[in-house]
J.: 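After the structure tokens below, expect a handful of questions from me.
Each chain gets a letter, A, B and so on, in the order the sequences are listed, and its residues count up from 1. Just so it is clear, the model here is predicted, and its values are computed rather than measured.
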Protein chains: 2
Amino acid sequence: MTDGTTTGSPVGSDGGSQALPGLPDVAEVGTVPVVLAALADPVRLEMVRRMADAPDRTARCVGLYDDIGKSTASHHFKVLREAGLTERTYIDGALHQRLRLAEVEQRLPGLLASVLAGLG
Amino acid sequence: MTDGTTTGSPVGSDGGSQALPGLPDVAEVGTVPVVLAALADPVRLEMVRRMADAPDRTARCVGLYDDIGKSTASHHFKVLREAGLTERTYIDGALHQRLRLAEVEQRLPGLLASVLAGLG
DNA sequence: CGTCGGGTTCGATCCGCGTCGAACATCGGC
DNA sequence: GCCGATGTTCGACGCGGATCGAACCCGACG
């Protein structure tokens, strides 16, 4: 990695202080019902769509939603994360959400493509 | 049709008595959130799986579920039907549910295949 | 004609989800 | 070192969904 991109804690893996304790930044791609339930919500679906359109499938949290409160957005991030669809990534200390396209594709081939295509 | 297969009212389209009034037997395939929500429930997912495995994608209602009440099953049938995933079909007067594979495939190509493959 | 099997409808219940506001934590900048 | 921006967490609330039992309807069969 040539820039500050890091997956996990903001401080990276230098063994330093644990800045965000107990925060699982990533999870395995869940079962079919879990993944479908995560994608069934319009708000989350829009988030996924924006990430898919973003360069490197990564976007700042604030750029993924409109017209809802921060706490609500955070809740949706958690659902997507626990379904294994996204992960937290830190770029120069700034928190981003990344769509785990490859991992989801491996476990459920073609699903995300079908879903995203169906939005048009 | 060489046998008694009929879509719609049990009496077919001979202009006879309306045996099941106000019962929409089929609906257009819904939006992505609607379809995903319909597929997100484990009970309905199992129903879809059994229909997909059945010959002609058609099965008797009673053969699509276990360990739940009739009324609950009927509710799930309604959800699937209103999402456009299934339709009611009468074979020699016996009510069946048919998975509308072609119609879903046309609107959301690859989705059902991905979902069903992910169950294995 | 009475009965049985199979589905639907209705009402009630219960639980989970989406939403918000407020409080807290963290990071970057002045 | 303080402050603003950004996310997370924690209750609380309301709504919709999943479930059940009971009643009803219809076709088949004796």
J.: Do A:Tyr65 and A:His76 have side chains that approach each other closer than 4.5 Å (heavy atoms only, starting at C-beta)?
T.: no

J.: Calculate the interatomic distance between B:His75 atom NE2 and C:dC14 atom C1'; express it in whole Å.
T.: 14 Å

J.: For A:Val48 and A:Leu80, which heavy atoms make the closest approach, and how far apart are they?
T.: CG2-CD2, 4.0 Å

J.: Please compare A:Ala94 and A:Ile68 by the position of their nearest nucleotide in DNA chain C and report the one closer to 5'.
T.: A:Ile68

J.: Work out how much the helix from C:dC1-D:dG30 to C:dC30-D:dG1 bends between its end axes, five pairs an end, to the nearest 10 degrees.
T.: 10°

J.: Tell me whether the OP1 or OP2 atom of D:dT19 has a side-chain N or O from B:His76 closer than 4.0 Å.
T.: yes

J.: Between A:Gly84 and A:Val104, which heavy-atom pair has the shortest distance, and what is it?
T.: O-CG2, 4.1 Å

J.: Which heavy atom of A:Ile68 sits nearest to which heavy atom of A:Val43, and what is that distance?
T.: CD1-CG1, 3.9 Å

J.: Atom CG of A:Leu36 to atom P of D:dG17: distance rounded to whole Å?
T.: 17 Å

J.: Does this structure show an ion pair linking B:Arg98 with B:Asp25, if we count only N-O contacts that are shorter than 4.0 Å?
T.: no

J.: Can A:Glu87 and A:Arg57 be counted as an ion pair, charged N to O under 4.0 angstrom?
T.: no

J.: Expressed in angstrom and rounded to an integer, what is the separation of B:Asp66 atom CG from C:dG6 atom P?
T.: 14 Å

J.: I need a per-nucleotide contact map over nucleotides 2-7 of chain D, read 5' to 3'. Cutoff is protein heavy atoms under 4.0 Å; write B for the base, S for backbone only, - otherwise.
T.: ----BB

J.: Between C:dG21 and A:Ser71, counting only base atoms on the nucleotide and side-chain atoms on the residue, is there a donor-acceptor pair under 3.5 Å?
T.: yes

J.: Where is the tightest heavy-atom contact between B:Leu85 and B:Ala38, given as atom of each residue plus distance?
T.: CD1-CB, 3.9 Å

J.: If we ignore hydrogens and angles and just use 3.5 Å, is the side chain of B:Arg100 paired with the main-chain N or O of B:Ala27 as donor and acceptor?
T.: yes

J.: Strictly below 4.0 Å, N to O, side chains only: are A:Arg107 and A:Glu103 in salt-bridge contact?
T.: no

J.: Using atom CG of B:Asp41 as one end and atom C1' of C:dC15 as the other, report the distance to the nearest whole Å.
T.: 14 Å

J.: For the pair made of CG in A:Leu80 and P in D:dT8, what is the distance, rounded to whole Å?
T.: 12 Å

J.: Within this structure, what is the NZ-to-C1' distance between B:Lys78 and D:dA18, rounded to whole angstrom?
T.: 13 Å

J.: Take atom CZ of B:Arg81 and atom P of C:dG7, then tell me their distance rounded to the nearest Å.
T.: 12 Å

J.: Roughly, in whole Å, what's the span from CD in B:Glu87 to C1' in C:dG7?
T.: 17 Å

J.: Heavy atom of residues 43-56 of chain A under 4.0 Å from DNA chain C: which residues?
T.: A:Val43, A:Arg44

J.: Between A:Ser114 and B:Gly110, which heavy-atom pair has the shortest distance, and what is it?
T.: OG-C, 3.4 Å

J.: Which atom pair, heavy atoms only, marks the closest approach of B:Ala59 to B:Leu64?
T.: CB-CD2, 3.8 Å

